[in-house]
Amino acid sequence: MRLEEEFSHCDNYDEEEEPKTMSQCSIGALQQQQQQQKFVVVGYALTSKKIKSFLQPKFEGLARNKGILFVAIDQNRPLSDQGPFDIVLHKLTGKEWRQILEDYRQTHPEVTVLDPPDAIQHLHNRQSMLQCVADMNLSTSYGRVGVPRQLVIKKDASSIADAVDKAGLILPLVAKPLVADGSAKSHELSLAYDQYSLQKLEPPLVLQEFVNHGGVLFKVYIVGEAIKVVRRFSLPDVTKRELSKVTGVFRFPRVSCAAASADDADLDPSVAELPPRPLLERLAKELRWRLVAFKILTIISFRTYYTNLWNNFDIFI
Ligand SMILES: Nc1ncnc2c1ncn2[C@@H]1O[C@H](COP(=O)(O)OP(=O)(O)OP(=O)(O)O)[C@@H](O)[C@H]1O
Ligand SMILES: O=P(O)(O)O[C@H]1[C@H](O)[C@@H](O)[C@H](OP(=O)(O)O)[C@@H](OP(=O)(O)O)[C@H]1O
């Protein structure tokens, strides 16, 4: 990437600020900047939903200040005729697009494709998405890292109750579409309280045991070495009493989206305590995740002593 070597600008750029003016940095430095300025060009191929949420004018301005230019890829024209790009950033799926990217990578090895289709294939399916976490079998001094017990139902809603019974999954169950392709539909989740209602679900889906976690979870963002953790409100715990009384399938909206931030909320310390940094670093390292966001649920019933919060917990991702 050309950013560090070739693009030099005034020191101390504040992420929130406009570029510095002449009076703020030396004329010599500015001239040097003009001579050396070479933008990192990011060609992007994203859905209109993603463009709206991600490419906000403020973000584009900030990127420009840092020497990064975002340029839309025209999907109706050959990729090789466009650019030149330093990076191709995409979040599209489909066989045809995959092939286009693979061909482009062959002919343009100098361009960083984020991410190569092969490397992210497993993320398009909620079952394979969590498999690497399960396979890792990570047990640290902070606790065991695992995934909620789950079952995949490919088709035939009438067979779900039997399958759940055989697998020994305990109700209530969170039902998630198997495919995770970034569409609004792929985020439509439901909570099934009783065996009989399971037939109302729509395969293909993943059924996951509901993990009580105190109504707050942690969303972890990893970019290279940088790790950022935020608190989000989540589904409330399901009590035994509620379970004995409630039946049916309840669809729920995106409960832990950015608008559901719990960072400034006055939370019980037993649910507010952030996951320990070394644990997150270990997770990122073990999984070799370089650019990712994931959620951590935990079981609060294990949180016995405040001073010992994150010791010996089951940590669910
Ligand atoms: N096993 C579980 N036990 C309890 N709550 C869960 C479980 N799985 C998911 N949830 C709740 O459902 C929400 C959405 O689940 P998940 O993150 O798997 O779906 P998503 O579509 O990837 O989410 P998002 O819409 O935030 O991208 C979580 O934020 C959490 O509140
Ligand atoms: O805003 P946070 O809490 O980081 O949650 C993100 C989800 O984790 C992503 O999965 C969403 O992207 P996709 O809908 O492309 O999967 C992403 O969708 P968006 O980019 O359309 O906002 C977000 O919902």
Side-chain angles (χ1 to χ4, degrees), residues 44-56 59 70 89-94 97 114-115 120 122-131 133-134 145-152 164 167 169-193 201 204-223 227-239 242-243 249-263 271 289 291-301 314-317:
Y44 64 86
L46 304 167
T47 58
S48 51
K49 166 183 171 283
K50 189 61 72 188
I51 291 171
K52 210 170 143 201
S53 64
F54 169 67
L55 277 178
Q56 303 272 338
F59 175 73
F70 284 92
L89 176 70
H90 75 105
K91 194 160 181 196
L92 300 178
T93 51
W97 174 246
L114 288 175
D115 282 311
I120 51 172
H122 63 291
L123 296 175
H124 295 146
N125 174 306
R126 288 188 191 264
Q127 182 185 27
S128 46
M129 190 193 290
L130 284 182
Q131 197 54 50
V133 178
V145 177
V147 298
R149 291 211 305 151
Q150 63 180 37
L151 174 67
V152 175
V164 164
L169 290 195
I170 296 168
L171 291 153
L173 297 175
V174 184
K176 312 182 181 187
L178 182 59
V179 174
D181 58 3
S183 63
K185 193 152 182 57
S186 69
H187 293 288
E188 284 173 7
L189 272 53
S190 0
L191 191 53
Y193 276 85
L201 297 170
L205 45 81
V206 170
L207 290 174
Q208 230 173 50
E209 280 186 350
F210 186 90
V211 177
N212 277 345
H213 54 284
V216 174
L217 56 69
F218 307 98
K219 185 139 188 179
V220 183
Y221 296 90
I222 298 178
V223 181
I227 301 179
K228 165 96 182 153
V229 190
V230 294
R231 290 186 196 90
R232 296 273 171 87
F233 285 111
S234 178
L235 295 173
D237 290 352
V238 177
T239 60
E242 186 186 349
L243 194 55
V249 169
F250 296 84
R251 318 224 172 252
F252 58 89
R254 301 185 73 169
V255 274
S256 308
C257 60
S261 169
D263 279 330
V271 292
W289 285 343
L291 177 65
V292 80
F294 60 92
K295 290 173 183 164
I296 292 185
L297 307 166
T298 188
I299 304 183
I300 57 160
S301 57
D314 279 346
I315 295 153
F316 288 110
I317 294 184

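Indexing begins at 1, ligand by ligand and atom by atom, following the structure's order.
- The single protein non-hydrogen atom nearest to atom 20 (O) of ligand 2 is Lys50 NZ, 2.5 Å, given as residue, atom name and distance.
- Put simply, the side chain of Pro177 reaches to within 4.5 Å of the side chain of Leu189, judged on heavy atoms.
- If you look at ligand 1, the protein residues with a non-hydrogen atom under 4.0 Å away are Arg126, Pro148, Val174, Lys176, His187, Leu189, Gln208, Glu209, Phe210, Val211, His213, Leu217, Ser234, Leu235, Phe252, Arg254, Val255, Ser256, Lys295, Leu297.
- Contact annotation for Tyr221 and ligand 2: only side-chain heavy atoms (C-beta onward) come within less than 4.0 Å of the ligand.
- Note that the CG atom of Leu123 and the CG atom of Asp181 stand 12.5 Å from one another [nearest 0.5 Å].
- Close N/O approach between Gly182 and ligand 2 is found [any backbone or side-chain N/O within under 3.5 Å].
- Inter-residue side-chain proximity for Pro172 and Leu243 is flagged as met; some heavy-atom pair is nearer than 4.5 Å.
- Counting heavy atoms from C-beta outward, Phe210 and Leu235 have side chains that approach closer than 4.5 Å.
- Inspection of the His124 and Thr93 side chains reveals no N or O donor paired with an N or O acceptor under 3.5 Å.
- Protein heavy atom in closest approach to atom 6 (C) of ligand 2: Lys219 NZ, 3.7 Å.
- Under the 4.5 Å side-chain criterion, counting only non-hydrogen atoms from C-beta, Lys295 is in contact with Ser256.
- Of the options Lys52, Lys49, His187, His124, the smallest heavy-atom separation from atom 21 (O) of ligand 2 is shown by Lys49.
- Inclusion of Lys91 in the set of residues having an N or O under 3.5 Å from an N or O of ligand 2 is warranted.
- The six-membered or imidazole ring of Tyr44 lies away from that of Phe54, with a centre-to-centre distance of 6.0 Å or more.
- Side chains of Gln208 and Leu130 form a contact here, defined as non-hydrogen atoms less than 4.5 Å apart.
- For the pair Thr47/Lys91, no side-chain contact is recorded, criterion being any heavy-atom separation below 4.5 Å from C-beta on.
- For Leu201, the side-chain contact (heavy atoms from CB on, under 4.5 Å) partners two or more places apart in sequence, or in a different chain, are Ile160, Ala175, Ser190, Ala192, Leu198, Leu205, Leu207, Val249.
- The protein heavy atom nearest to atom 19 (P) of ligand 2 is Ser53 OG, 3.3 Å.
- Nearest non-hydrogen protein atom to atom 3 (O) of ligand 2 is Arg232 NH1, 2.6 Å.
- With respect to atom 23 (C) of ligand 2, the closest heavy atom belonging to the protein is Arg254 NH2, 3.8 Å.
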